[in-house]
Each structure stands twice: as C-alpha cells, then as structure tokens.
Colleague: 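First, the structure itself, so that you have it in front of you.
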Amino acid sequence: MSLVIVGSLAFDTIETPTERRERIIGGSCSFAALAASYFTSPQIVAVVGEDFPQDFISLLNSRGVDTRGVTHEKGRTFHWEGRYGDDPNQRTTIRTELNVFQDFKPLLLPDYAAADIVFLGNIDPDLQGEIRRQAQKPRLVAMDTINLWINTKPEALVRVLKEVDIFFANDEEVKMIAGELNLIKAGNTLLSMGPSLVVIKKGEHGALLMGKDFMFGVMAYPCESVIDPTGAGDSFAGAFLGYLDQIGSFRPEDFRKAAVYGSVLASFTIEDFSVERLKGISDQEIEDRFQALKNLVSF
Ligand code: AMP
C-alpha cells in the first residue's frame, strides 16, 4: 500500500494566552506526514521557498517520509498566523501569506500517481482538485479544509468534495458548508455531497465519524497540558490514513481503530509547539494511549 499526502509546509506564528512563537515549523503536510510516519512511509507533495530549513526535510526523511515531491521555489514559504484564546477550541486566523503557494502547480511524480490512498490536506481547493485528477486509481481519497477556503472558494470546495471518499473537518466547518446548525443534520448533508464518510473533529471533545449506515465517536485523549493545539486536526488525519495504509483494509471496524490512533497522535501534537512533541514518540507511548482510550470507554 502507499499513501500520498498533499498540503502545506509552512512557517506558523502562534499566540496562546501565555506565549508567542514566531515562524515555527507548521503546515498541514508537516503534521499529517509526521503522524502518518508512525504507521507507514508517506510520500508528500508541497512547495517551499528559499527560507525553509533543510533540517526539517531531513527530519522527515529520517522518519521515512519520501520528500521527492517537494518543490523548491524562489521566494518565501507559506506563512500562517493564528491566535488562541483561553478556550483552546477557539482560534482566530490573524494572517495567511500564501507566498510560494500563489503560483504553485502541483505535480504528482509517476510513482506517486499510482498511490492507493491520497490525502488532499488543507490547501487551496483548486490545487486539491488538480491532484485528485492526477491520481490514477486510488482506493481511497480523503480531504481536509479550513474556513478560509469555505469563505473564499466554496464552489471549488464543493467540486472536490464530490470526488472524495472521506472528508475531515471540524464541527464549525461542517455546519458552515452544510448551512445547518444541527451537527448530525449537517453531517448528513455533507454525506449527500460526495464523501461516504465524514470525520467531524471536535477539538478537546474528540471526533465523530458519520457514514451512511455507520456512526462512531472517539474521545480526545485527556491531556492535562495543552500548549499549542495547532496541527491536531492534521495529525488526526495523518495517523488515521497512515494506519489504514498499514493495514490495507477499509471496513467500519478499521475506521474505528484508525480514529483512535488519530486521537492518540493528535494528543501528542498539542503537548508542545510546532512538531516538537510529534517528532519523537515511541511505539510504546502510542500503544499506551491507545489502550488508555479503550479503557476510558469500556464498561
Ligand atoms: P490544524 O490545526 O490541524 O487545523 O492545522 C493548522 C495548520 O494548517 C497550520 O500549521 C497552518 O500552517 C496550516 N494552514 C492554515 N491555513 C492554511 C491554508 N489556508 N492553507 C494551507 N495550510 C494552512
């Protein structure tokens, strides 16, 4: 099996109630690829500018991530700035500088185009659509997005939605796209727009998986220390798809386990800024949290 991840490699500036960090490593692709790397060896497609550190690319390589699909362009790397209030589920985008993303034309290398699983991580939906068209015969296509694209490119977003199997989004985004305040009704509306599975992320309240005849809820791992929630969603999706790629099977019971691994990897991401915690987790730590989540809901 093989997994291709398309998304952003970025600099993030993050403000939490207690700290501000400038231009730290971020991006949907960074978090998703690192989380997936605990289960499989993902191939990534992204673009960086001249200012992006080679050290991070080397770190990805050391975790088995194939970075041949990363394009290096003249100019500056994508930069996103976000602020969290006292409630870590509430964040405000302060700034989005597309920079090298502005003229990016993503291209799947021939061996990437044959991938079994394609993850269209959060980037411009027009770029997601281009990648979707280049994938030859994927067994599973998943996508994610962010409110910027729901507000600025709704038609393009709806076009990509028609061509994917799994849609990852947070509860607010699902309600926005569906134009519906009730989460379950909104999830069902999304299911009528293309995907056969909608994964609704609810921050510290976990995630809800909705299929046509299937529903599953997973808790967030109870973390005492939440330093920076950025990348939790991408880590969830990366681990979810990385696990499916490892086992090569897409039954409802596989989606349940994938969601628990998603929740586990997301719980590590939020314990530090950027990818600091995510880059060095042991298999035992992952299994311990998987078991703890299982125990938490068994009765
Ligand atoms: P998450 O917290 O999982 O929703 O993902 C946050 C990450 O998404 C940050 O590291 C950002 O760099 C990245 N990001 C935010 N906005 C965009 C955007 N418009 N396009 C691509 N990546 C983005």
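Indexing begins at 1, ligand by ligand and atom by atom, following the structure's order.
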Colleague: Is a donor from one side chain sitting under 3.5 angstrom from an acceptor on the other, for Ser28 and Asp234?
Modeller: no
Colleague: Please say whether Gly231 places an N or O atom under 3.5 Å from an N or O atom belonging to ligand 1.
Modeller: yes
Colleague: Only one of Leu120, Ile131, Leu127, Asp126 passes side-chain contact (heavy atoms from CB on, under 4.5 Å) with Val160; say which it is.
Modeller: Leu120
Colleague: If we only count N/O pairs under 3.5 Å, is Leu148 in contact with ligand 1?
Modeller: no
Colleague: Considering non-hydrogen atoms of the protein only, which is the closest contact for atom 12 (O) of ligand 1, and what is the distance?
Modeller: Asp12 OD1, 2.6 Å
Colleague: Heavy atoms only: which of Thr93, Asn122, Ile25 lies closest to atom 14 (N) of ligand 1?
Modeller: Asn122
Colleague: For the residue pair Arg23 and Phe11, would you count it as a cation-pi contact if the rule is NZ or CZ under 6.0 angstrom from the ring centre and within 45 degrees of the ring axis?
Modeller: yes
Colleague: Could you tell me if Thr40 and Asp245 have a donor-acceptor pair between their side chains, going purely by distance under 3.5 Å?
Modeller: yes
Colleague: Identify, for atom 7 (C) of ligand 1, the protein heavy atom at the shortest distance, and state residue, atom and that distance.
Modeller: Asp234 OD2, 3.6 Å
Colleague: Tell me the protein heavy atom at minimum distance from atom 18 (C) of ligand 1, and give that distance in Å.
Modeller: Phe78 CZ, 3.5 Å
Colleague: What's the shortest distance from atom 22 (N) of ligand 1 to any protein heavy atom, and which residue and atom give it?
Modeller: Ser8 OG, 2.8 Å
Colleague: Less than 4.0 angstrom from a charged side-chain N to a carboxylate O is my criterion; do Arg277 and Glu285 meet it?
Modeller: yes
Colleague: Look at atom 4 (O) of ligand 1 and say which protein heavy atom is nearest, naming residue and atom and giving the distance to 0.1 Å.
Modeller: Arg91 NH2, 2.8 Å
Colleague: Is the shortest distance from a heavy atom of Phe101 to ligand 1 less than 4.0 Å?
Modeller: no
Colleague: Test of understanding: given a 4.0 Å heavy-atom threshold, classify the contact between Thr230 and ligand 1 as side chain, backbone, both, or neither.
Modeller: both
Colleague: Any nitrogen or oxygen of Gly233, main chain or side chain, under 3.5 Å from a nitrogen or oxygen of ligand 1?
Modeller: yes
Colleague: With only distance considered, is Thr96 within less than 3.5 Å of ligand 1 through an N or O on each side?
Modeller: no
Colleague: So, Asp165 side chain and Ser196 main chain: donor-acceptor pair closer than 3.5 Å or not?
Modeller: no
Colleague: Inspect the contact between Arg20 and Glu81 and indicate whether a charged nitrogen and a carboxylate oxygen are less than 4.0 angstrom apart.
Modeller: yes
Colleague: Answer yes or no: is there a donor N or O on one side and an acceptor on the other, between the side chain of Asp116 and the main chain of Ser2, under 3.5 Å?
Modeller: yes
Colleague: Cut-off 3.5 Å, side chains only: do Asp228 and Thr16 have a donor facing an acceptor?
Modeller: no
Colleague: Does the residue His79 have a heavy-atom contact with ligand 1, meaning some pair of atoms that are separated by less than 4.0 Å?
Modeller: no
Colleague: For ligand 1, which part of Ser30 has a heavy atom less than 4.0 Å away: the side chain, the backbone, both, or neither?
Modeller: neither
